[in-house]
Amino acid sequence: MGDSTRLRDSAMALAKATKHAAALEIARKVAEPWFRCQALAGVARYAPDASVVALAKEAVRAVERSDDPYEFVGAMAWVLRALLERGRGDEARRQLAAAIGLAPKIANSTSRADALFLVVQAVWPEPELRARAARSLVAGAGIGQSKKAGAVLRQVALMLATAGDDASYVVAAIADEKYRRTAERRLLEREVAEPRPFF
């Protein structure tokens with residue numbers, strides 16, 4: 001385990017234990033933007049009410065240091081979930097727009113699908129935002145997508161159906177016939193799929 005990973009995990013553990021000052025001190029020592037953003041988002045998730053948005057914005061600034069748009073979009077998932085879990089929907093909407101806006105700069109369509117999949121799962125508790133994120137994922141997956149991107153779309157379709165949302169447009173976007181047919185079968189079987197936890 002690298003230093004950045006270890007420090008991120010320590011910061012999150014302290015944040016959950018409501019040791020806010022210690023968690024923040026460690027989060028700010030994380031060198032790598034991806035992990036620093038996650039650590040600061042974790043601190044924001046458990047911070048006193050007055051600090052939540054400021055810490056979320058600090059997490060965003062941390063990952064803005066990366067020149068990799070995949071890192072920015074993917075790591076933003078932790079910021080988005082922290083904001084939603086703390087009832088900061090307006091700020092989450094602003095940050096979602098930033099993440100979605102940068103996603104087209106991720107050159108590799110599989111990486112783009114992976115990053116947006118994290119975003120979809122992050123905003124899952126808010127139906128309006130998850131629909132917006134899911135449609136961005138579908139648009140960004142690309143025609144003739146890789147099998148992995150097809151698998152991501154299949155999983156999103158199952159998750160949407162589990163939530164009672166329309167999943168047909170996601171299934172229709174799956175280029176790989178095998179994954180599309182599997183998605184259709186699993187939907188008929190009412191297979192349950194849930195988003196990942198973040199904190």
Side-chain angles (χ1 to χ4, degrees), residues 1-2 5 8-9 32-35 37-38 41 63 66-85 92-93 95-199:
M1 182 183 295
T5 308
R8 177 206 57 193
D9 292 348
E32 296 178 44
W34 171 270
F35 295 112
C37 177
Q38 291 175 349
V63 80
S66 173
D67 58 3
D68 182 351
Y70 169 84
E71 280 199 354
F72 179 86
V73 177
M76 282 292 288
W78 279 261
V79 176
L80 291 164
R81 176 51 73 92
L83 288 166
L84 288 178
E85 289 190 7
R93 283 177 180 80
Q95 299 299 345
L96 176 61
I100 287 174
L102 193 62
K105 293 184 181 290
I106 304 173
N108 181 281
S109 62
T110 300
S111 296
R112 192 162 56 245
D114 278 343
L116 286 168
F117 186 37
L118 284 169
V119 169
V120 168
Q121 294 176 90
V123 299
W124 200 257
E126 175 53 56
E128 173 200 341
L129 299 188
R130 77 172 172 242
R132 185 176 173 193
R135 291 191 179 278
S136 294
L137 190 156
V138 168
I143 297 170
Q145 73 248 167
S146 69
K147 289 186 177 180
K148 186 174 181 185
V152 165
L153 290 172
R154 180 181 64 193
Q155 189 67 9
V156 170
L158 293 173
M159 288 165 52
L160 288 169
T162 299
D165 296 350
D166 175 33
S168 61
Y169 71 96
V170 182
V171 175
I174 300 174
D176 186 286
E177 186 176 354
K178 176 184 174 184
Y179 283 102
R180 188 169 62 252
R181 287 183 176 177
T182 303
E184 290 167 346
R185 174 177 56 78
R186 291 183 179 180
L187 287 170
L188 286 172
E189 293 171 353
R190 297 185 182 278
E191 182 175 321
V192 172
E194 301 284 352
R196 57 161 291 163
F198 286 83
F199 304 108

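All residue numbers refer to positions in the sequence shown, counting from 1. Everything quoted here is computed from the prediction, not taken from an experiment. Values below: all heavy atoms of this structure, side chains included; hydrogens, waters and symmetry mates excluded.
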Next item on the list: Report yes if some heavy atom in the side chain of L118 is under 4.5 Å from a heavy atom in the side chain of W78; otherwise report no.
Entry: yes

Notebook entry, point to check: Do the non-hydrogen side-chain atoms of K147 and Y179 ever get within less than 4.5 Å of each other?
Noted result: yes

Item checked: Side chains of F117 and L153 in contact at under 4.5 Å (non-hydrogen atoms) -> no

Next item on the list: Taking only Lys NZ, Arg NE, NH1 and NH2, and the carboxylate oxygens of Asp or Glu, determine whether R93 and E128 approach each other closer than 4.0 Å.
Entry: yes

Note to self: Nearest 0.5 Å, please: how far is OG1 in T182 from CZ in R180?
What the structure shows: 10.5 Å

Notebook entry, point to check: Distance from S109 atom OG to K148 atom NZ, nearest 0.5 Å?
Noted result: 11.0 Å

Check: Salt-bridged, R181 to E177, with N to O below 4.0 Å?
Finding: yes

Note to self: Once rounded to the nearest 0.5 Å, what's the spacing between atom CG of L160 and atom CZ of R130?
What the structure shows: 7.0 Å

Next item on the list: Kindly indicate whether the side chain of Q121, heavy atoms from C-beta on, has any atom under 4.5 Å from the side chain of F198.
Entry: yes

Margin query: Looking at E189 and R185, is any side-chain nitrogen of the basic one under 4.0 Å from a carboxylate oxygen of the acidic one?
Written below: yes

Next item on the list: Run through V120, I174, L137, L116 and flag the one making a side-chain contact (heavy atoms from CB on, under 4.5 Å) with V152.
Entry: L137

Notebook entry, point to check: Roughly how far apart are L158 CG and E194 CD, rounded to 0.5 Å?
Noted result: 11.0 Å

Check: Shortest non-hydrogen contact from R154 to A183?
Finding: CG-CB, 3.6 Å

Note to self: Applying side chain to side chain donor-acceptor pair (under 3.5 Å) to S168 and D166, what does each step give before you reach the verdict?
What the structure shows: CA-CA 6 Å; S168 61; D166 175 33; 2.7 Å; yes

Note to self: As a quick check of understanding, evaluate side-chain contact (heavy atoms from CB on, under 4.5 Å) for M159 and W124, giving each step before the final call.
What the structure shows: CA-CA 9 Å; M159 288 165 52; W124 200 257; 3.5 Å; yes

Notebook entry, point to check: Is there side-chain contact between I106 and D114, with at least one heavy-atom pair below 4.5 Å?
Noted result: no

Check: Does any non-hydrogen side-chain atom of Y169 lie less than 4.5 Å from one of V138?
Finding: yes

Notebook entry, point to check: Nearest heavy-atom pair of R112 and A107: which atoms, and what distance?
Noted result: NH1-O, 3.5 Å

Check: How far apart are the closest heavy atoms of P104 and G101, and which atoms are they?
Finding: CD-O, 3.4 Å

Next item on the list: Give, for atom CZ of F199 and atom CZ of R81, the distance between the pair rounded to the nearest 0.5 Å.
Entry: 8.0 Å

Item checked: Which atom of A115 lies closest to which atom of G74, heavy atoms considered -> CB-N, 4.0 Å

Notebook entry, point to check: To the nearest 0.5 Å, what is the distance between CD1 (I100) and CZ (R135)?
Noted result: 12.0 Å

Notebook entry, point to check: For A193 and T162, which heavy atoms make the closest approach, and how far apart are they?
Noted result: N-OG1, 3.0 Å

Check: Can you check whether F72 reaches W34 side chain to side chain, under 4.5 Å on heavy atoms?
Finding: no

Checklist line | Heavy-atom pair with the smallest gap, counting every atom of L129 and A92 | finding: CD1-CB, 4.4 Å

